[in-house]
Amino acid sequence: MQKPPLHPWFDIGDVAPAVELRNGDGKTRPITRMAGRTAVLHVAAGSQDPLPVALALSSRAADFREAGADLYLVRRGGPQTVAGDAVDGVTALADPAGALAHNFHLEHPSTMVFDRASRLAAVLPLEGDPDAHAGACLGLVRDRLPPDRFREGPSIQAPVMVIPNVLSPQWCRWLMHVHDTQGNESSGFLEKVGSELVLRSDAEVKVRRDHVVAAGSPLEAEIRHIFQRRVIPEIARATHSPIQRHELFKIVRYDGEERGHFRPHRDNASEAGRTRRFAVTLNLNTGEYDGGHLVFPEYGEFGYRPAAGEAVAFSCNLLHEARPVTRGSRYVLLAFLH
Ligand SMILES: O=C(O)CCC(=O)C(=O)O
Ligand SMILES: [Fe+2]
């Protein structure tokens, strides 16, 4: 199995870069100000006349609105360049330095779809017919990012962040492969005996097998890079907390045959964990096991079991447990951030 490449440019799952676009009247419109709604941006490139796409999107503007999305046409140039671009239901925005196309490495006209938290959810290159393109964009929004209808919130909920699209399916598979082929051992925990920290294991507390990603290895640098792009910004958004460093990443496996689990604990309770601030657990597989929910018992009986590639980030001060896996194997990437 080959290690998948890391995408050097902004990619699916990344938070939009801080690019300032301008309205026709010159007012700035940071891309993050579109947050809270799905944003569909057609980004013109090269010598393309973007108006046919803008008109095709415009003819479906009511459907996009109903699907919870706003429409934008972005082209390189000053505000005067886009002054004549406005069509019904599509906001024309100027990108003075072409920063959006540059950051996303767009060489061809493409439509970018950002989710309500300003994360890139999809890029559709324009191929041929503008009308078919607009239809494909609408289909994608309807299928993948349908609007949430207003609901009353749950009466109680754990203060945790669920972060989609942190790792691609290829990266999830690769990390599972690393766990299975590059060594793993029964997991323990550090305990202070006198003045020394000793590694102990206790099947009452935790049953799983761990692979520690080697310090200074290329894999560690790649995982760190992904965290910097996709996890740290989410923690910053929700908590306004700076992150200084991470502990060694672990790839772990809970096997159904031995009812792999980790009973309720706090990650900062041990001497070794005192300065931990956030824990990140990222499921690497879905549908291949039963059980294995993450539960925060102080906040009720809610079982979190994000899809492969999705992470849950939470304060290390929260009580949590990994419920037993009862069939198959659950693979997880774990990180502790300080
Ligand atoms: O399995 C999980 O998702 C959580 C693991 C965990 O809580 C830990 O290793 O401290
Ligand atoms: Fe934990």
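Remember, it's 1-based here, ligands and their atoms both numbered in the order they're listed. We count residues from 1, following the sequence as given.
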Problem - Minimum heavy-atom distance between C172 and A308, given as atom pair plus value - result: SG-C, 4.2 Å

Completion exercise
atom 1 (O) of ligand 1: closest protein heavy atom, distance to 0.1 Å, is Y254 OH, 2.6 Å

Handout entry: Check against side chain to side chain donor-acceptor pair (under 3.5 Å), H246 and R224
Key = CA-CA 8 Å; H246 63 85; R224 180 188 308 123; 3.0 Å; yes

Problem - Euclidean distance, T326 OG1 relative to Y289 OH, rounded to 0.5 Å - result: 11.0 Å

Exercise for the section: Check each heavy atom of F336 against ligand 1 and say whether those closer than 4.0 Å belong to the side chain, the backbone, both or neither. Expected result: side chain

Practice task
Please find the N/O/S atom of D267 nearest to the Fe ion (ligand 2) and write down its name.
Solution key: OD1

Completion exercise
Rounded to 10°, the NE2/H265 to the Fe ion (ligand 2) to NE2/H320 angle comes out at 90°

Completion exercise
for atom 7 (O) of ligand 1, nearest protein heavy atom and its distance come out as H320 NE2, 2.9 Å

Exercise for the section: Determine whether the side chains of H225 and R229 contain a donor N or O and an acceptor N or O closer than 3.5 Å. Expected result: yes

Handout entry: Side chains of R330 and N283, donor plus acceptor under 3.5 Å
Key = yes

Exercise for the section: Give a yes/no verdict on whether any heavy atom in H265 is under 4.0 Å from an atom of ligand 1. Expected result: yes

Problem - Under 3.5 Å side-chain donor-acceptor pair for Q2 and H177 - result: no

Handout entry: Contact check, K206 vs ligand 1, heavy-atom distance below 4.0 Å
Key = no

Practice task
Could you list the atoms of ligand 1 found under 4.0 angstrom from a heavy atom of L334?
Solution key: 5 (C), 9 (O)

Exercise for the section: Tell me, please: is R208 in heavy-atom contact with ligand 1, that is, under 4.0 Å? Expected result: yes

Practice task
Decide whether N103 and H105 meet the rule of one side-chain donor and one side-chain acceptor closer than 3.5 Å.
Solution key: no

Practice task
Identify, for atom 10 (O) of ligand 1, the protein heavy atom at the shortest distance, and state residue, atom and that distance.
Solution key: D267 OD1, 2.9 Å

